[in-house]
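Everything below concerns the one structure shown next.
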Amino acid sequence: MASSLHGLGFDSLSLAVFRAKTSANVFNSIMLRNKDLQQKQKDIYKACRHNYVVAIKSLGDAKTAWNEKKYSLATKSIEVAQHIPISCEKALVEAPNFQAKRANEMSDIIFDIPLVVAKEMENNGHKTEDE
């Protein structure tokens, strides 16, 4: 069971990294396509794009920790990424865009999956001796 959970967690982290990259690209695309955006909207999309770049790094760190079976560390890195869609959702209230909202919602859902698996691995004693 642990090995299948380990594989599921790693695969879900890979999917989360892909989703974070996709979301960052969506925000970038919105800014490039819509030259008439107000500065406030540009700033919001730029901030969300930057936040997703941070999420990509954080999820990459989680994958590294996962490979080392450091599930607690992986959980912490995933939690950092998980806050990104939440903060962008609040910001997007002032810069509504269907594509941005959809990309952000998908990231929110997909980031939850590896977090659930990581917590399961932690709670069931699948920890390394240095944790």
Side-chain angles (χ1 to χ4, degrees):
M1 178 77 168
S3 65
S4 62
L5 268 180
H6 180 83
L8 175 63
F10 186 81
D11 290 347
S12 65
L13 277 168
S14 296
L15 178 61
V17 169
F18 175 78
R19 185 66 240 176
K21 288 178 181 178
T22 301
S23 292
N25 289 337
V26 166
F27 285 106
N28 196 50
S29 177
I30 291 167
M31 290 187 301
L32 292 174
R33 280 194 329 256
N34 299 303
K35 301 294 182 190
D36 59 340
L37 286 174
Q38 296 174 0
Q39 188 60 46
K40 185 175 186 178
Q41 290 174 311
K42 285 181 188 177
D43 291 345
I44 290 169
Y45 296 137
K46 189 182 290 186
C48 284
R49 181 191 63 202
H50 172 75
N51 289 343
Y52 274 102
V53 170
V54 170
I56 293 164
K57 182 187 179 326
S58 185
L59 291 166
D61 292 346
K63 282 179 74 172
T64 299
W66 197 268
N67 276 335
E68 297 170 356
K69 295 185 168 76
K70 295 179 180 177
Y71 302 114
S72 177
L73 183 57
T75 298
K76 290 174 187 164
S77 294
I78 298 165
E79 286 173 339
V80 169
Q82 191 185 35
H83 290 291
I84 303 302
I86 295 165
S87 66
C88 283
E89 180 181 357
K90 292 174 185 173
L92 289 171
V93 169
E94 296 188 46
N97 178 289
F98 177 76
Q99 287 179 312
K101 183 178 179 189
R102 183 76 171 152
N104 199 59
E105 288 172 350
M106 290 302 298
S107 292
D108 191 28
I109 292 165
I110 291 178
F111 291 3
D112 283 346
I113 298 167
L115 184 61
V116 168
V117 178
K119 286 184 177 182
E120 182 68 20
M121 294 297 281
E122 270 187 274
N123 292 336
N124 285 319
H126 302 288
K127 300 177 184 180
T128 59
E129 58 279 349
D130 60 328
E131 293 187 87

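Throughout, residue positions are numbered sequentially from 1 according to the sequence presented.
The nearest pair of heavy atoms linking Ala16 to Ile110 is CA-CG2, 3.8 Å. Glu79 and Leu115 get closest at one heavy-atom pair: CG-CD1, 3.7 Å. Ala118 and Ile78 make their closest contact through CB-CD1, 4.1 Å (heavy atoms, listed as atom of the first residue, atom of the second, distance). Heavy atoms only, all atoms of each residue included: Phe111 and Ala20 are closest at CZ-CB, 3.8 Å.
Relative orientation of the Tyr52 and Phe27 rings is parallel, given thresholds of 30° and 60° on the angle between their planes.
Using a 4.0 Å cut-off between a side-chain N of Lys or Arg and a carboxylate O of Asp or Glu, Glu122 and Lys76 do not qualify as a salt bridge.
Remark: Met121 CE to Lys70 NZ distance equals 15.0 Å, nearest 0.5 Å. Rounded to the nearest 0.5 angstrom, Cys88 SG and Lys101 NZ are separated by 14.0 Å. Here the OG atom belonging to Ser29 is positioned 8.0 Å from the CG atom belonging to Asn34, to the nearest 0.5 angstrom. From Arg49, atom CZ reaches atom NZ of Lys42 across 12.0 Å, with rounding to the nearest 0.5 Å. Separation of atoms CD1 (Ile56) and CG (Asn51) is listed at 11.0 Å; rounding is to 0.5 Å. The OG atom of Ser107 lies 9.0 Å from the CG atom of Leu59; values are rounded to the nearest 0.5 Å.
Residue Ile113 is not grouped with residue Leu5 when hydrophobic side chains (ILVMFWY) are merged at heavy-atom distances under 4.5 angstrom, including chains of intermediate members. Hydrophobic cluster membership is shared by Ile44 and Leu37, with clusters built from Ile, Leu, Val, Met, Phe, Trp and Tyr side chains linked at under 4.5 angstrom. Residues Leu8 and Leu13 fall within the same hydrophobic cluster, defined by Ile, Leu, Val, Met, Phe, Trp and Tyr side chains chained together at heavy-atom separations under 4.5 Å. Hydrophobic cluster membership is shared by Met31 and Leu92, with clusters built from Ile, Leu, Val, Met, Phe, Trp and Tyr side chains linked at under 4.5 angstrom. In the hydrophobic clustering of ILVMFWY residues, with side-chain heavy atoms under 4.5 Å counting as a link, Trp66 and Val17 come out together.
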Can you list the steps and then say if Lys63 with Ser14 is a side-chain hydrogen bond (donor to acceptor under 3.5 Å, both in side chains)?
-> CA-CA 8 Å; Lys63 282 179 74 172; Ser14 296; 3.1 Å; yes
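Asn124 places a side-chain N or O within donor-acceptor distance of the main-chain N or O of Glu120, the cut-off being under 3.5 Å. The backbone N or O of Ser77 sits less than 3.5 Å from a side-chain atom of Ser58, completing a donor-acceptor pair. The closest donor-acceptor contact from the side chain of Tyr45 to the backbone of Ala95 lies under 3.5 Å.
Residues Gln38 and Glu94 are not in side-chain contact: their nearest non-hydrogen atoms beyond the backbone lie 4.5 Å or more apart. Gln99 is not listed as a side-chain neighbour of Arg102, based on a closest heavy-atom distance of 4.5 Å or more. Looking only at side-chain heavy atoms (C-beta outward), Asp43 and Lys40 stay at 4.5 Å or farther from each other.
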